[in-house]
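Side-chain atoms are counted along with the backbone in the values below, which use heavy atoms only and exclude waters and symmetry mates.
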Amino acid sequence: MTNNSKKKTWTRKVNQSYHCGYCKVCNKELTSDMGGWIVTAKKEYFCHDGKNGSCFDQYCESKRL
């Protein structure tokens, strides 16, 4: 008797997206497939393309004042 069936293996979904955090300034959800966001050493997340310029730049300006 021969077994012609294929072995079942695990397959990864191509379009996986992971939740990474929220922007500290505008509270926008940041995902792994989005790109264009910054993480600081303190694990603070910032989006790169905020409505009024970069949220990271706004955060730096507010800390400087």
Side-chain angles (χ1 to χ4, degrees):
M1 254 187 179
T2 60
N3 189 358
N4 291 340
S5 63
K6 290 184 177 181
K7 288 185 178 180
K8 293 183 179 181
T9 60
W10 179 80
T11 57
R12 184 188 333 189
K13 293 180 182 177
V14 175
N15 296 332
Q16 288 182 338
S17 176
Y18 299 102
H19 169 77
C20 296
Y22 292 96
C23 178
K24 186 171 181 170
V25 176
C26 68
N27 205 30
K28 179 180 176 182
E29 182 180 17
L30 305 172
T31 58
S32 61
D33 62 346
M34 171 189 272
W37 46 273
I38 300 168
V39 181
T40 64
K42 294 180 182 179
K43 304 288 186 201
E44 297 170 329
Y45 296 87
F46 300 94
C47 53
H48 217 358
D49 55 344
K51 294 177 183 174
N52 299 325
S54 172
C55 288
F56 184 67
D57 291 341
Q58 292 176 19
Y59 175 74
C60 292
E61 287 294 322
S62 69
K63 287 293 183 180
R64 198 168 66 159
L65 297 176

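- Note that the SG atom of C20 and the NZ atom of K43 stand 11.5 Å from one another [nearest 0.5 Å].
- When every heavy atom of E29 is checked against every heavy atom of M34, the shortest pair comes out as O-CE, 3.3 Å.
- Residues Y45 and W37 meet the side-chain proximity criterion, which asks for heavy atoms closer than 4.5 Å.
- As a member of the Ile/Leu/Val/Met/Phe/Trp/Tyr network built from side-chain separations under 4.5 Å, Y22 groups with nothing else and remains a singleton.
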Query raised in the report: Hey, mind stepping through Y18 and Q16 against side-chain hydrogen bond (donor to acceptor under 3.5 Å, both in side chains) and telling me if it holds?
Result: CA-CA 7 Å; Y18 299 102; Q16 288 182 338; 2.8 Å; yes
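- For N27, the side chain to side chain donor-acceptor pair (under 3.5 Å) criterion is met by no residue, not counting sequence neighbours.
- Under the side chain to side chain donor-acceptor pair (under 3.5 Å) criterion, T31 pairs with D33, not counting sequence neighbours.
- When the side chains of ILVMFWY residues are joined at heavy-atom separations under 4.5 Å, either directly or via intervening members, I38 and V25 end up in a single hydrophobic cluster.
- Taking both residues in full, the closest heavy atoms of C47 and C26 are given as SG-SG, 3.4 Å, listed atom of the first, atom of the second, then distance.
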Report task. Please report the C-alpha distance between F46 and T40 in whole Å, then the side-chain angles of each, then the deciding distance to 0.1 Å, and finally whether the side-chain contact (heavy atoms from CB on, under 4.5 Å) criterion is met. Result -> CA-CA 8 Å; F46 300 94; T40 64; 3.6 Å; yes
